Amino acid sequence: MRPDWERGLNPEQLDAVETIEGPLLIIAGAGSGKTRVITFRIAHMLDEGIAQHSILALTFTNKAAREMASRVREITGKKLQGLTVSTFHSFGVSILRKDIGLLGYRDNYSIYDEADRNQLIKDCAREQGYRMEAFDAWKVGALFSEITAGVRDWSRADDSYKDLYAEYRRSLKIFNAVDFDDLIGLPIRIFDDHPATAAEWRLRYRYVMIDEFQDTSLQQYRMMKLISGDNVCVVGDDDQSIYSWRGANYENIMQFERDFPQRKEIKLERNYRSTSTILDAANAIIQNNDNRKEKALWSPAGLDGGLIELYRPDDDGEEADFIATSIRAAKVEEQRKWDEFGILIRTNNLARRMEESLLAQDIPYRISGGSSFFGRKEIKDIISYLRVIANPDDDINLLRIINTPRRGIGKTSIERLNTIARAMGSPIRTAMEHAAARDGIPLREGGGEAVTQGGSPSTEEPAFALSADPPGAGKDIPADDGVPRLGDKAIADVSALLELLDQWRDELLGKKRIADRVRKLIDAIDYWGYLIEENRQNDKAAKWKFHNVETFINMIKDWEEDPDNLDPGLFAWLNRITLVTRDDDSDEEGGKVNLMTIHAAKGLEFEVVYIAGCEDGIIPHARSLEEGGEIAEERRLFYVAVTRARQRLIITACAKRRKLKALVDCVPSPFLSEIPPHLISMREMASEVSEESAEAMFSKMKGMFGGEGDGLVDGGTDAPKPSPKRPERKRVD
DNA sequence: GTGTTTACTTTTTTT
DNA sequence: AAGTAAACAC
């Protein structure tokens, strides 16, 4: 049953697999079997009797982590129980889950994603009297992120935001919440401040492995140093470093060389993925970057294939239609499955037009990135409920649901609660309890309703709430001046909400079978009624949202019933979905065409790859260059895109593109001219293609009038699918 | 306090 | 073109 190491591994790979002690640096070119090496290496370790729980493998994306885990499972045929394969961020979560108490947080902390973070920054800014018209939360958020991550300090930043930052941090603490950067930063702080704890973790993970090392940030590097001893293996490729905008620092490779002078270094340059045409093109492109570790991919097998195809559609509509019809044709002619196709785009907004065409031609597809499933309003609402139930102090999410569905707590009431909370230096939750209690509706007794279960844990009443003359605790509320009170109706509504949250807290926390309970919760708040009410003139939208919520519940169910899931429960679920931004654990039945950004495609490969929108300003992205990004990184991005292809590579560059409203002329990407011309076949938008497309449309129309093929594909836009009633592209101008 | 209309900007890439 | 936030009307 043990795999035969020698078979199917070249000498360098074998060397890498068998070197398990001591620091190891693997420079792995695109398609050089990197994942294979890593998974075999883990399998080999297990084979050597190393315990699963002392191995830690860190990846960059969830997709990569999942992929790696399942490959290991495949090779070894073992159940993976103690093995840790995760992203840096989810690894941070698991450290915090255990040890965040050392920093004075409670362990039911919330994780704020970007939207939450920006919302909070906005609130703080409003509080500090910023002129909100001129306030750019996105920009400030990015700045704060850099500050937290330690890639920038106030001496090199607009330090007029210093106070705002302090306020932001304080609010996070009050709300018992952390942001993305904290997921790396706080564990580091724990390790720095508590050497004993650090030692424990280091002792546990005796073997550490890091994938996509060129994409690690300074901060992540520090984390790695703190957690690992001598048995570190990092795998990277400086040519594929495409995350510098996020703090990734491929000089970490050099740093590693400095920090581990006794390391072993292995280069993997044999490429098993692509045809030599594609490899030649890729090498030629990347050659234009300087300051890189010299290497060239070569194919031992000398795989032959056709030329790279370049098309110049008139506009983005034609481009999308072309790609869709071309995929349809290739599927039949080359007997391919849907999931052998990848459509790569630079930016998410390019996906929209693509989706339309795929939809119109009934091509099942999967999309990653963009506004994901979890970004939809109806889903966010439900998640917010769960968040608040898990962590009552979570203001951002509380505010989201405080009047959703409508329960009569309007703007003014919220404003007042906010003022009270600020005055007390506490979360809104406390202000609500205060407001409810002070006016004679003590939670304990309840308004005569069924509050029979005594003393729910979170209702220890605040000492100051009932006394009109609070003990001089400093942060108390003046009797009447300045601090607003709520109207009677509002108080009743607030109390009812508190009661509801408490009740469901008991119902959900630490319980099993969450999915069913969540459904009951949704019934209890009459979210269905809310959906119908909100979408009165559009019951299709209501249905669609309804369906989404159902899907969400089923996702919970699948997840908690998964036998590999060692820790089902509300907290684990919430943590998970904050980090999994894509609805990427979708089914594999029959496969789907993959539509994704180049960033998302890293580490993946497809038989047939389309790179759409290869135009100047898109693939060296205009904004990226403006903001001080390097052209070299854009080139690396293009290199990554090209090297995703195994057999066929099709590139499209439009002559015109609809941008905002206007049709603008486009120039092909300068990178295209870096590909040696003899590797490219320039194609006209040939007539055979339009024949092909006419045929596809025709059959599509037949299907349409036959049986309303409700081919709802996952992903896509928020609105109900614009039922593809118009198989032909119309030019109604 | 709530619902409706109007004005306005917008995100490159991901955890 | 769309989605959000502020202004306005009930």
Side-chain angles (χ1 to χ4, degrees), chain A residues 58-65 86-93 111-115 117-119 122 126 132-139 141-142 145 149 178-185 212 215-217 219-220 241-248 344-352 368-372 375 377 403 406-416 486-487 489-490 493 533-534 536 575-582 584 596-602 613 617-627 629 633-634 636-638 640-641 658-662 717-719:
Chain A
L58 294 175
T59 64
F60 210 63
T61 63
N62 294 298
K63 199 178 272 173
S86 72
T87 63
F88 270 98
H89 287 82
S90 26
F91 181 58
V93 168
I111 302 171
Y112 280 3
D113 63 17
E114 226 134 69
R117 179 195 70 187
N118 292 341
Q119 186 61 49
K122 241 187 242 177
R126 209 188 315 271
M132 293 317 285
E133 315 87 65
F135 187 82
D136 187 341
W138 280 94
K139 256 193 159 145
S145 173
V178 304
D179 65 19
F180 270 157
D181 302 300
D182 290 336
L183 293 180
I184 313 293
E212 307 286 11
D215 285 329
T216 50
S217 64
Q219 189 114 86
Q220 289 163 335
S241 165
I242 54 177
Y243 281 96
S244 71
W245 49 273
R246 209 181 90 183
L344 271 35
I345 48 185
R346 168 74 234 259
T347 61
N348 278 309
N349 59 342
L350 264 44
R352 189 143 297 203
S368 51
S371 77
S372 72
K377 270 153 270 63
N403 205 29
R406 304 246 128 85
R407 50 170 67 85
I409 307 177
K411 250 190 297 201
T412 3
S413 302
I414 294 175
E415 203 56 53
R416 287 175 187 168
L486 272 65
K489 182 175 163 298
D493 293 335
E533 186 61 28
E534 285 297 293
R536 227 180 288 124
N575 287 343
R576 185 188 125 87
I577 59 178
T578 323
L579 298 173
V580 179
T581 45
R582 312 185 203 123
D584 53 4
M596 58 179 68
T597 64
I598 301 172
H599 282 89
K602 190 157 71 134
I618 293 186
I619 193 105
H621 198 276
R623 184 99 36 134
S624 154
L625 300 180
E626 274 167 34
E627 314 255 303
E633 173 140 329
E634 295 289 316
R636 274 180 241 131
L637 202 47
F638 188 61
V640 168
R658 199 166 276 287
K659 224 175 172 187
L660 268 68
K661 247 177 159 179
T717 51
D718 201 21

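Not measured: the values here are computed from a predicted model. We name chains A, B, ... by the order of the sequence lines, and we start the count at 1 in each one.
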Closest-nucleotide 5' rank along DNA chain B - winner of A/Ser413 and A/Asp181: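 Here A/Ser413 is the residue nearer the 5' end.
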If you assign each of A/Ser90 and A/Asp493 to its closest nucleotide in DNA chain B, which residue comes earlier from the 5' end?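 Going by which nucleotide is closer to the 5' end, it is A/Asp493.
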Identify which nucleotide among C/dT4, B/dT13, B/dG3 has an atom closest to any side-chain atom of A/Arg406, counting heavy atoms from C-beta outward.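 Given the options C/dT4, B/dT13, B/dG3, the side chain of A/Arg406 is closest to B/dG3.
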Where the side chain of A/Gln119 is concerned, which of B/dT13, B/dT15, C/dA5 is the nearest nucleotide?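 Per side-chain heavy atoms of A/Gln119, the pick is C/dA5.
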Please state how far atom [atom1] in [X] lies from atom [atom2] in [N], giving the value in whole angstrom units.
| X | N | atom1 | atom2 | result |
| --- | --- | --- | --- | --- |
| A/Leu183 | B/dT14 | CG | C1' | 13 Å |
| A/Phe88 | B/dT14 | CZ | P | 19 Å |
| A/Gln219 | B/dT15 | CD | C1' | 13 Å |
| A/Glu114 | B/dT15 | CD | C1' | 9 Å |
| A/Arg636 | B/dT13 | CZ | P | 19 Å |
| A/Asn403 | B/dG3 | CG | C1' | 12 Å |
| A/Ile111 | B/dT15 | CD1 | P | 14 Å |
| A/Ile619 | B/dT13 | CD1 | C1' | 10 Å |

Going from [atom1] on [X] to [atom2] on [Y], what distance comes out if it is rounded to the nearest 0.5 angstrom?
| X | Y | atom1 | atom2 | value |
| --- | --- | --- | --- | --- |
| A/His89 | A/Thr61 | NE2 | OG1 | 12.0 Å |
| A/Phe91 | A/Thr59 | CZ | OG1 | 12.0 Å |
| A/Phe180 | A/Thr578 | CZ | OG1 | 6.5 Å |

What contact category does A/Lys602 fall into here, base, sugar-phosphate, or nothing, at under 4.0 angstrom with non-hydrogen atoms?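 Touches nothing.
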Mind checking if A/Gly92 touches a base, just sugar-phosphate, or nothing, with heavy atoms under 4.0 Å?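 Contact class for A/Gly92: none.
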Counterpart residues, side chain to side chain donor-acceptor pair (under 3.5 Å), relative to A/Ser86 (two or more places apart):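 For A/Ser86, no residue satisfies side chain to side chain donor-acceptor pair (under 3.5 Å) once neighbours in sequence are set aside.
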Qualifying residue, where the test is side-chain contact (heavy atoms from CB on, under 4.5 Å) with A/Thr216 and the options are A/Gln219, A/Gln220, A/Glu212: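 That would be A/Gln220.
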Using atom [atom1] of each nucleotide, how far apart are [N] and [M] to the nearest Å?
| N | M | atom1 | value |
| --- | --- | --- | --- |
| B/dT11 | C/dA6 | P | 16 Å |
| B/dT12 | C/dA5 | C1' | 25 Å |
| B/dT13 | C/dT4 | C1' | 24 Å |

Is the backbone N or O of A/Gly185 less than 3.5 Å from a side-chain atom of A/Asp182, with the two atoms forming a donor-acceptor pair by type?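 Checked: no pair found.
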Please write out each protein N/O paired with an N/O of nucleotides 5-12 of chain B under 3.5 Å, distance rounded to 0.1 Å.
residue	atom	partner	partner atom	Å
B/dT12	OP1	A/Arg623	NH1	3.2
B/dT12	OP2	A/Arg623	NH1	3.3
B/dT12	OP2	A/Arg623	NH2	3.0
B/dT12	O2	A/Arg346	NH1	2.9
B/dT12	O2	A/Arg346	NH2	2.2

Got a sec, which residues hit side-chain contact (heavy atoms from CB on, under 4.5 Å) with A/Asn349, two or more places apart in sequence or on another chain?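 For A/Asn349, the residues satisfying side-chain contact (heavy atoms from CB on, under 4.5 Å) (neighbours in sequence not counted) are A/Thr347.
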